[in-house]
Amino acid sequence: MSEPLVRRLAIIGVGLIGGSLARALRVAGGVGEIVGCGRDEGQLVRAVELGIIDRYSTDPAEAVGGADGVVIGTPVGAMESILEAIRPHLADGAIITDVGSTKGSVVAAAHRVFGSRCPPGFVPGHPIAGTERNGVEASFAELFQRRRVILTPLPESDAGATAAVRAMWEKTGAVVETMTPQHHDEVFAATSHLPHLLAYSLVNTLATLDEKVEIFRYAAGGFRDFTRIASSNPRMWHDISLANRDALLKVMDRFEGDLHQMRQAIEAGDGDYLLEVFTRAKEARDCFVDKAEE
Ligand SMILES: NC(=O)c1ccc[n+]([C@@H]2O[C@H](COP(=O)([O-])OP(=O)(O)OC[C@H]3O[C@@H](n4cnc5c(N)ncnc54)[C@H](O)[C@@H]3O)[C@@H](O)[C@H]2O)c1
Ligand SMILES: O=C(O)C(=O)C[C@]1(C(=O)O)C=C[C@@H](O)C=C1
């Protein structure tokens, strides 16, 4: 029997992502005991009932005791307080990673907690997979299969720790890539964070058009497709929007400019401009978006 990748894995925040990671590792093997931690004891009890975790604690310090692997699966706004709570209780050589949708803010939080050099076992991460649902009962083992996971190791991250976090995600069926935290935040401001803000903003505009909110009766498949992600957890996207401020503002400014140009073209009856934009966008989506999942 080969040694498990991780003898004891502590997952702080056993929700959609943390729960799916636990389920995937259960199926794939390679992890010994899984200890859950979180603020919502009901979720943790449910996770034990579902066989996703072996046991739980509502105290992060207790949960990480003796753990050789720690995954933080909470909203990014909670990560600093959790790192602060677990810092004195981390086992020597423990691997510490997270699943947060922003990386610069998580790294900055870690430096505020650990100082100029984070532990060599600290390797931030981000699975590019999810749904609009949240909570452990929305989790499933297949979530990460053939999806990308981005690791953003720090200069002080130990190569062995980075390899261990990579191996953990590859166990789930994910394809692992590395980026700098800054590049990560720029890329996902454009491909994930802005789309969510647009979906929320569109639905909010229509919801405030008429107080009877009757207009949604006439929304068809296009609106449903475009706005699925507006059903995502508001707290999660509150945290992401504020954490990735600079990259988001930059891409929002660009988008606002492009939308203004489209408005001007409509106002001027410039159909050629509209056709140019629509054709370029269709070609890009048809060619690149579907390939992204290969
Ligand atoms: N939902 C997605 O599509 C998706 C995809 C990739 C990454 N992420 C990232 O994963 C993280 C978790 O997202 P999720 O979708 O699993 O959310 P979720 O709401 O399903 O799970 C979050 C869990 O963290 C717990 N929690 C919240 N605050 C806490 C605290 N202060 N201390 C301890 N536990 C706390 C909650 O009780 C819950 O169990 C976020 O950082 C998010 O940016 C989400
Ligand atoms: O599929 C969805 O519902 C998601 O929103 C997942 C999604 C995204 O595609 O933007 C959302 C946040 C993450 O950090 C990564 C992926």
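For ligands, and for the atoms within them, numbers begin at 1 and follow the listed sequence.
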(request) Output the list of atoms in ligand 1 that are nearer than 4.0 Å to some heavy atom of Gly15, sorted by atom number. (result) 16 (O), 20 (O), 21 (O), 39 (O)
(request) Heavy-atom contacts with Trp237 under 4.0 Å: which atoms of ligand 2 show up? List them by number with element. (result) 11 (C), 12 (C)
(request) Step through the shown structure and confirm whether more than 12 heavy atoms of other residues, nucleotides or ligands are within 6.0 Å of NE2 on His196. (result) yes
(message) Could you check whether Asp185 pairs with Arg245 (Lys NZ or Arg NE/NH1/NH2 to Asp/Glu carboxylate O, under 4.0 Å)?
(response) no
(request) Can you pull out the closest protein heavy atom to atom 3 (O) of ligand 1? Residue, atom name and distance to 0.1 Å, please. (result) Gly130 CA, 3.1 Å
(request) Using a strict 4.0 Å threshold on nitrogen-to-oxygen distance, state whether Asp258 and Arg254 make a salt bridge. (result) yes
(request) Tell me which protein heavy atom sits closest to atom 12 (C) of ligand 1, plus the residue, atom name and distance to 0.1 Å. (result) Gly73 O, 3.2 Å
(request) Under 4.0 Å from a heavy atom of His196: give me the atoms of ligand 2 that qualify, with their elements. (result) 5 (O), 8 (C), 10 (O), 11 (C)
(message) Test of understanding: given a 4.0 Å heavy-atom threshold, classify the contact between Met236 and ligand 1 as side chain, backbone, both, or neither.
(response) side chain
(message) Among all the protein's non-hydrogen atoms, which is closest to atom 6 (C) of ligand 1, and how far away is it?
(response) Pro127 O, 3.1 Å
(message) If only side-chain N and O atoms count, and only distance matters, is there a donor-acceptor pair under 3.5 Å linking His238 with Arg235?
(response) yes
(request) To the nearest 0.5 angstrom, please state how far the NE2 atom of His111 sits from the CZ atom of Phe122. (result) 8.0 Å
(request) Could you list the atoms of ligand 1 found under 4.0 angstrom from a heavy atom of Asn233? (result) 19 (O)
(message) Tell me the nearest of Ser139, Gly135, Ser20 to atom 20 (O) of ligand 1, using heavy-atom distances.
(response) Gly135
(message) Among Val99, Thr74, Asp40, Thr131, which one puts a heavy atom closest to atom 41 (O) of ligand 1?
(response) Thr74
(request) Using a strict cut-off of 4.0 Å, indicate which atoms of ligand 1 neighbour a heavy atom of Val76. (result) 41 (O)
(message) Tell me the protein heavy atom at minimum distance from atom 15 (C) of ligand 2, and give that distance in Å.
(response) His126 NE2, 3.7 Å
(message) Just to confirm my output: which protein heavy-atom neighbour is closest to atom 42 (C) of ligand 1, and how far is it?
(response) Ser101 OG, 3.5 Å
(message) Go through it in stages, so that I can follow the logic: the residues are Glu283 and Arg280, the test is salt bridge (Lys or Arg N to Asp or Glu O under 4.0 Å), and I'd like the CA-CA distance, side-chain angles, deciding distance and then a yes or no.
(response) CA-CA 5 Å; Glu283 286 171 357; Arg280 184 189 306 120; over 6 Å; no
(message) Quick test: of every protein heavy atom, which one is nearest to atom 25 (C) of ligand 1, and how far off is it to 0.1 Å?
(response) Gly13 CA, 3.9 Å
(request) Check ligand 2 against Glu132 and write out every atom of the ligand that is under 4.0 Å from a heavy-atom position of the residue. (result) 3 (O)
(request) Would you mind running through ligand 1 and noting each atom that sits below 4.0 Å from a heavy atom of Gly100? (result) 41 (O)
(request) State the CH2-CG distance between Trp237 and Leu197, to the nearest 0.5 angstrom. (result) 7.5 Å
(request) Mark the output for His193 as yes if a heavy-atom distance to ligand 2 is under 4.0 Å, and as no if none is. (result) no
(request) Under 4.0 Å, heavy atoms only, figure out whether ligand 1 is touched by the backbone of Ile240, its side chain, both or neither. (result) side chain
(message) In this structure, would Val31 and Tyr56 fall into the same cluster of hydrophobic residues linked by side-chain contacts under 4.5 Å?
(response) yes
(message) So for ligand 1, is Ile82 a polar contact partner (N or O within less than 3.5 Å, distance only)?
(response) no
(request) Distance to 0.1 Å, residue and atom name: give those for the protein heavy atom nearest to atom 5 (C) of ligand 1. (result) Ala129 O, 3.0 Å
(request) Starting from atom 39 (O) of ligand 1, locate the nearest protein heavy atom and write down its residue, its atom name and how far away it is, to 0.1 Å. (result) Gln43 OE1, 3.5 Å
(message) I need the Thr131 OG1 to Phe140 CZ distance, nearest 0.5 Å.
(response) 6.5 Å
(request) Using a 4.0 Å heavy-atom threshold (strictly under), name the region of Val14 that reaches ligand 1: side chain, backbone, both or neither. (result) backbone
(message) If I take atom CE from residue Met236 and atom OG from residue Ser241, how far apart are they, to the nearest 0.5 angstrom?
(response) 9.5 Å
(request) Could you list the atoms of ligand 1 found under 4.0 angstrom from a heavy atom of Asn134? (result) 18 (P), 19 (O), 20 (O)
(request) Mark up the atoms of ligand 1 that fall under 4.0 Å of a heavy atom belonging to Ala78, in ascending order. (result) 31 (N)
(request) Establish whether atom 9 (C) of ligand 1 and some protein heavy atom are separated by less than 4.0 angstrom. (result) yes
(message) Test of understanding: clusters of I, L, V, M, F, W, Y form through side-chain heavy atoms closer than 4.5 Å, transitively. Do Val203 and Phe226 belong to the same one?
(response) yes
(message) Could you identify the single nearest non-hydrogen protein atom to atom 1 (O) of ligand 2 and state the distance to 0.1 Å?
(response) Gly130 O, 3.0 Å
(request) Look at atom 29 (C) of ligand 1 and say which protein heavy atom is nearest, naming residue and atom and giving the distance to 0.1 Å. (result) Arg39 NE, 3.7 Å
(request) Starting at NZ of Lys282, measure out to CG of Leu275 and round the result to the nearest 0.5 Å. (result) 13.5 Å
(request) State whether any protein heavy atom lies less than 4.0 Å from atom 9 (O) of ligand 2. (result) no
(request) Return yes or no for this condition: an N or O of Gly38 is under 3.5 Å from an N or O of ligand 1. (result) no
(request) Using a 4.0 Å heavy-atom cut-off, say whether Ile229 meets ligand 2 through its side chain, its backbone, both or neither. (result) side chain
(request) Give the residue and atom name of whichever protein heavy atom lies nearest to atom 3 (O) of ligand 2, and the separation in Å to one decimal. (result) Arg228 NH1, 2.7 Å
(request) Just need the protein heavy atom nearest to atom 7 (C) of ligand 2, so name the residue and atom and give the distance. (result) Ser192 OG, 4.2 Å
(message) To check you understand the geometry: which heavy-atom pair defines the closest contact between Ala243 and Thr102, and what is its length?
(response) CB-OG1, 3.7 Å
(message) Counting only heavy atoms not in Asp253 (residues, nucleotides, ligands), do more than 12 fall under 6.0 Å from its CG?
(response) yes
(request) Provide, to 0.1 Å, the distance between atom 16 (C) of ligand 2 and the closest protein heavy atom, together with that atom's residue and name. (result) Ala129 N, 3.9 Å
